[in-house]
Amino acid sequence: MVESLVRDRHGVDSAYAWRLAVVSVLCIVLGGGSIYLPVVGLKEIAAEFGDRRSVPSLAYMLGFTAMGFGGVMMGWLADRTSPRVPLLIAGVSIFAGGWIATSGGELALYLGYVLPLGFLGNSATFTPAMNNIQGWFDRRRSLAVSLISVGPALSGSLWPQVYAWLLPEVGWRQSLVIYGAISGSLMVLFALYIRPSPLVRRGHKAREDHSALPMPSAALMTLLSAAGFCCCTAMAVPFVHMVAFCGDLGFAAARGSEAVSLILLTAVASTFAFGRLADYISPITVSLLCSLIQVVALVGFLGVQGLLGLYTVSVIHGIPYIAIVQGYALILRQLYGPTLAGWRLGVVMLFAMAGMAVGGWLGGVIFDATLSYRAAFQAALAFNLLNVMLLGALYFTKRHRIFAMR
C-alpha cells in the first residue's frame, strides 16, 4: 500500500508532475540567459571589436547553432540515462562558460558560446524537458506542453532587463560571469528534483503511428525542418537587433530592452491561446496562421519610426514568436502519434535553432554592409514568405489526403 501511494504521488497527472513542469520551466529560464547578452549588449560588445556588430551577432549565431546540435545529443542522453543528467552537465558548463567567454578576445567569446554555453549548456533544457514532460501527462498534456514552450519566452523577458541593469554598472564581461555563476549553481540544485517519466521507468516503448502521415516520413521531416529554419531566421533578425535598431531610431537602449520584453511577454500569453486553439483547428492551421501574422510584423518593421509604432509591431511580432515553434511539436505528435521518437523533435528544433542563429548573424552582416536594417528586414520577410509556402504545402497536402479517404 505504501508503494502504491508513492507511485500515485509521483505518477502521471500527479501534483509532482505539475511541480516537475514548473521546475523544468525554471531550468529553461536559467539556461537561456546567455543568449540574450549579445542582444542587449550588442553595441557594447561590438565597441570592443572595432564597432563590428557582426562579432556579437556571430556569437549569438554560434550559441544558437550549438544549442540545436546539443539538443539532439542531450535528448538522446536523457532517453538513455535520465533528464537529470543533461541538466547536471548544463549547470557545470554554464558556470564555467561565463568565465571562458569573457576571458579574452573574439576566439574566447566564440568558444564560450559554442561549447559550454551552447552545446553543453542551454541545449540540455528545452528538448529533454519537452520530451520528458509529455510522458507525465494524459489529461492536460497540451497545457503542460504550452507551459514548457513558454520557458524561452520567460527567459527572454527576464534576462534583457537584468542585463539592461547590469551593463551600465559592470560591463558585458562581468555581467556574463554573474549570469554563469548564478544560473549554473541554481540549475545543479534544480536538476536533483528531476525524474524521468513513469513510462520510461517502466521500460515502455510503443511504436510510432505513421498512418496519419500526409506524405512519406522523410519528406515530412524535411519540410518541417525547412519550415522551422525559415520562420526562425525571419524571427531572429528584428529580435536580435532590436536594441541596436532602437538606438538607430534615436531611442534609448532601455526602450529596446522594453520592446524585447514586450515581444516575449506577448509570446507567453499567445502560446497558451494558440495551444488551446490547435485542439479545435489543428496544429498545422495554427502554425500557418502564426506565419502569416509574422509577415505582418516584418512589414511593420520596414516602416516603423515612432516609439508607439515600435511597441505595436513588437506585440504583433510576439504573437507567433513561441506559438509557431510549439506548433511544430504539436504537428509531430498529431501526425506520428503520442509516442513519436524523441529524436524527431530534436531534429526539427535543431533547424529552428539554426534559423535563429543565422537570422541573428545575417542581420549584423547586412547592417555592416549597408549601414541600415532595412535590407535585413527585407531578407527576413523573404524567409518568412518561404515558410508560408512550406506550411501551406503541408496544410493542403493533409487536406487532400483527408478528402481522398472519405
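Position 1 is the first residue of the sequence; numbering continues from there. All values derive from a computational prediction rather than experimental measurement.
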| query | Parallel, tilted or perpendicular: which describes the rings of Trp172 and Phe49, with under 30° parallel and over 60° perpendicular? | reply | tilted
| message | Within 45 degrees of the ring normal and closer than 6.0 Å to the centroid, is that where the cationic atom of Arg19 sits relative to Tyr193? | response | no
| said: Restricting to non-hydrogen atoms, name the atom on Arg195 and the atom on Pro83 that form the minimum distance, rounded to 0.1 Å. | reply: O-CG, 4.0 Å
| task | Please state whether the rings of Phe301 and Phe377 are parallel, tilted or perpendicular, taking 30° and 60° as the class boundaries. | result | tilted
| query | Asn387 versus Val295: any side-chain heavy-atom pair under 4.5 Å? | reply | no
| task | Take the angle between the ring planes of Phe239 and Tyr321 and call it parallel below 30°, perpendicular above 60°, tilted in between. | result | tilted
| Is any side-chain heavy atom of Arg53 closer than 4.5 Å to a side-chain heavy atom of Lys43? | yes
| task | Side-chain contact test, heavy atoms from C-beta onward, threshold under 4.5 Å: evaluate it for Phe95 versus Val92 and give yes or no. | result | no
| said: Given Leu109, which partner from the list Thr102, Val55, Ile100, Val114 fulfils the side chain to side chain contact (heavy atoms under 4.5 Å, CB included) test? | reply: Val55
| request: Please examine the side chains of Cys246 and Leu310, heavy atoms only from C-beta on, and report whether any two atoms are closer than 4.5 Å. | output: yes
| With the threshold set at 4.0 Å, does a side-chain nitrogen-carboxylate oxygen contact exist between Asp248 and Arg255? | no
| What pairs of residues pass the salt bridge (charged side-chain N to carboxylate O under 4.0 Å, His left out) test when at least one of them lies in residues 85-108, not counting sequence neighbours? | Arg52-Glu106
| query | Parallel, tilted or perpendicular: which fits the ring planes of Tyr179 and Tyr163, with parallel below 30° and perpendicular above 60°? | reply | perpendicular
